[in-house]
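For reference, the structure discussed in these notes is given below.
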Amino acid sequence: MSLKKDNQHFQEMYAALLAAYHSGSSVGGWVNNCDDKHNNPILTRLDLLPK
């Protein structure tokens, strides 16, 4: 999965991903399109899931 830097919420989403990783929380979200360079889906929405 790719998080593009041109996403208008990149900083918030990146911070949330780091926080979830360090706390051991799960994340969900929505992907849209495909990053042709890396052949990955592009993350467009991020959901923090309860433990």
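Since we're looking at a predicted model, the values are computed, not measured.
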If you look only at pairs with a residue in residues 20-29, which of them pass as a salt bridge (charged side-chain N to carboxylate O under 4.0 Å, His left out), with sequence neighbours excluded?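 Non-adjacent pairs meeting salt bridge (charged side-chain N to carboxylate O under 4.0 Å, His left out): zero.
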Keeping to residues at least two apart or across chains, list the salt bridge (charged side-chain N to carboxylate O under 4.0 Å, His left out) pairs with something in residues 10-29.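 Every pair satisfying salt bridge (charged side-chain N to carboxylate O under 4.0 Å, His left out) with a residue in residues 10-29: there are none.
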All salt bridge (Lys or Arg N to Asp or Glu O under 4.0 Å) counterparts of Asp36, not counting sequence neighbours: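 Partners of Asp36 under the salt bridge (Lys or Arg N to Asp or Glu O under 4.0 Å) test: none.
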Enter the distance from [X]:[atom1] to [Y]:[atom2] here, rounded to the nearest 0.5 Å.
X: Leu43; Y: Asn32; atom1: CG; atom2: CG; value: 10.5 Å
X: Leu49; Y: Ser26; atom1: CG; atom2: OG; value: 6.0 Å
X: His9; Y: Asn7; atom1: NE2; atom2: CG; value: 6.5 Å

Does Asp47 have any side chain to side chain donor-acceptor pair (under 3.5 Å) partners at least two apart in sequence or in another chain, and if so, which?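 Asp47 satisfies side chain to side chain donor-acceptor pair (under 3.5 Å) with Arg45 only.
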Taking only residues two or more places apart in sequence or in another chain, which ones pass side chain to side chain contact (heavy atoms under 4.5 Å, CB included) with Ala20?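 Here the qualifying residues are Ser25, Val27, Leu48.
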Among Thr44, Leu18, Leu3, which one satisfies side-chain contact (heavy atoms from CB on, under 4.5 Å) with Met13?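 With Met13 as partner, side-chain contact (heavy atoms from CB on, under 4.5 Å) holds for just one option, Leu3.
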Please say whether more than 12 non-hydrogen atoms of neighbouring residues, nucleotides or ligands are located less than 6.0 Å from CG in Asn39.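 No - once you tally the heavy atoms of other residues, nucleotides and ligands closer than 6.0 Å, there are 12 at most.
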Scan for ring pair (Phe, Tyr, Trp, His ring centres under 6.0 Å) pairs involving residues 14-51, sequence neighbours excluded, and state none if there are none.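 Counting only pairs at least two positions apart or across chains, the ring pair (Phe, Tyr, Trp, His ring centres under 6.0 Å) contacts touching residues 14-51 are Phe10-Tyr14.
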Taking C-beta and beyond as the side chain, do Ile42 and Asn33 meet within less than 4.5 Å on heavy atoms?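 They are in contact (side-chain heavy atoms under 4.5 Å apart), so the answer is yes.
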